[in-house]
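Step one of this worksheet: look at the structure below.
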Amino acid sequence: MLKRLAASLLVGAALSASALPASAAVDNDLPVRWNTGGAVWSTGYDKFGTFIESGAVTDRGLGDGISRSGWTSDEIRAGLSKTYTVDLVGVSRFLYSDAGVKFLKDQTRSYFPYWSMTTYAVPALRSAIIADARDGSISSAGIMAALPTDFRLADTCNTYDGKQNICAEGKCQAGTAQCTSLLSWYVFLPACIQANQLTGPVAQVRTAPAPRTFAPAPEPIRGLW
């Protein structure tokens, strides 16, 4: 039962990703296109990979993002690479629930697919999380690598303010970049997914009981007289 449910949820995630427009249905090379300054600056995943592996910051946008994160470079590096054990079915059940959809909408306040923006933000982020959870663990770096398309952090014409809703309440200093920055958001995201996964027993489909049958009462044996 659980295997069939997991398979169906993975198919649903794949369909969500394939529902993205053709312009977005490409391998993700640019997980962050910073649209928060005078011009767009794109940071490739390879730059994040170099930073996570060695601590070296080789990209202007990444360096600026770290300095505006509210955390030290070492803290961000450790947070991006930290892994959390999860249950694929539990993660999927949460992300497809009403509460999960609301969570995903809240978590894509200013960070969403570059071209389609908020139109496909929920299925895009959901597909990345589920894809990373297939091996039973998730991390910020894993989710970032699994994004189905380029994402932007938008601060444009007072429509989007470039701030993200940090899901871990009480874990950041209120009123600071720790509670609004993109990299701080990434650091906390997998922990929130782990905490919200629905790992209870899967509801069984109840079937109506088979109608009771009654054998006819045997007729009394008649004598021959």
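Every residue two or more places apart in sequence or in another chain was checked for a side chain to side chain contact (heavy atoms under 4.5 Å, CB included) with Ala195, and none qualifies. Shown here are the side chain to side chain contact (heavy atoms under 4.5 Å, CB included) partners of Ser139, two or more places apart in sequence or in another chain: Thr83, Asp132, Ala141. Every residue two or more places apart in sequence or in another chain was checked for a salt bridge (charged side-chain N to carboxylate O under 4.0 Å, His left out) with Arg60, and none qualifies. Every residue two or more places apart in sequence or in another chain that forms a ring-ring contact (aromatic ring centres under 6.0 Å, His included) with Tyr160 is listed here: Phe112. The salt bridge (charged side-chain N to carboxylate O under 4.0 Å, His left out) test applied to Asp135 returns no partner, not counting sequence neighbours. Gln173 is linked by a side chain to side chain contact (heavy atoms under 4.5 Å, CB included) to Thr176, Gln178, counting only residues two or more places apart in sequence or in another chain. Scored by the side chain to side chain contact (heavy atoms under 4.5 Å, CB included) test, Ala78 finds no partners at all (sequence neighbours excluded). Not counting sequence neighbours, Asp106 has no partner by the salt bridge (charged side-chain N to carboxylate O under 4.0 Å, His left out) test. For Phe103, the ring-ring contact (aromatic ring centres under 6.0 Å, His included) test picks out Phe94, with sequence neighbours left out. Residues passing the salt bridge (charged side-chain N to carboxylate O under 4.0 Å, His left out) test with Arg77, sequence neighbours excluded: none. Residues satisfying the ring-ring contact (aromatic ring centres under 6.0 Å, His included) criterion with Phe51, sequence neighbours excluded, are absent altogether.
Panel note: side chain Ser116, backbone Thr119; no donor-acceptor pair is recorded below 3.5 Å. Ser67 places a side-chain N or O within donor-acceptor distance of the main-chain N or O of Asp64, the cut-off being under 3.5 Å. Between the side chain of Asp150 and the main chain of Leu30, a donor-acceptor pair closer than 3.5 Å is present.
The minimum heavy-atom distance linking Pro31 with Gly44 is given by the pair CD-C, 3.9 Å. Taking both residues in full, the closest heavy atoms of Ser110 and Gln164 are given as N-OE1, 2.7 Å, listed atom of the first, atom of the second, then distance.
Salt-bridge annotation for Arg109 and Asp161: present, with a side-chain N of the basic residue lying under 4.0 Å from a carboxylate O of the acidic one.
Remark: Arg152 is not positioned above the aromatic ring of Tyr111, lacking an NZ or CZ atom under 6.0 angstrom from the ring centre and at most 45 degrees off the axis.
Ring centers of Tyr186 and Phe48: at least 6.0 Å apart, outside the cut-off.
Listed by first and then second residue, the ring-ring contact (aromatic ring centres under 6.0 Å, His included) pairs involving residues 53-87 amount to none (not counting sequence neighbours).
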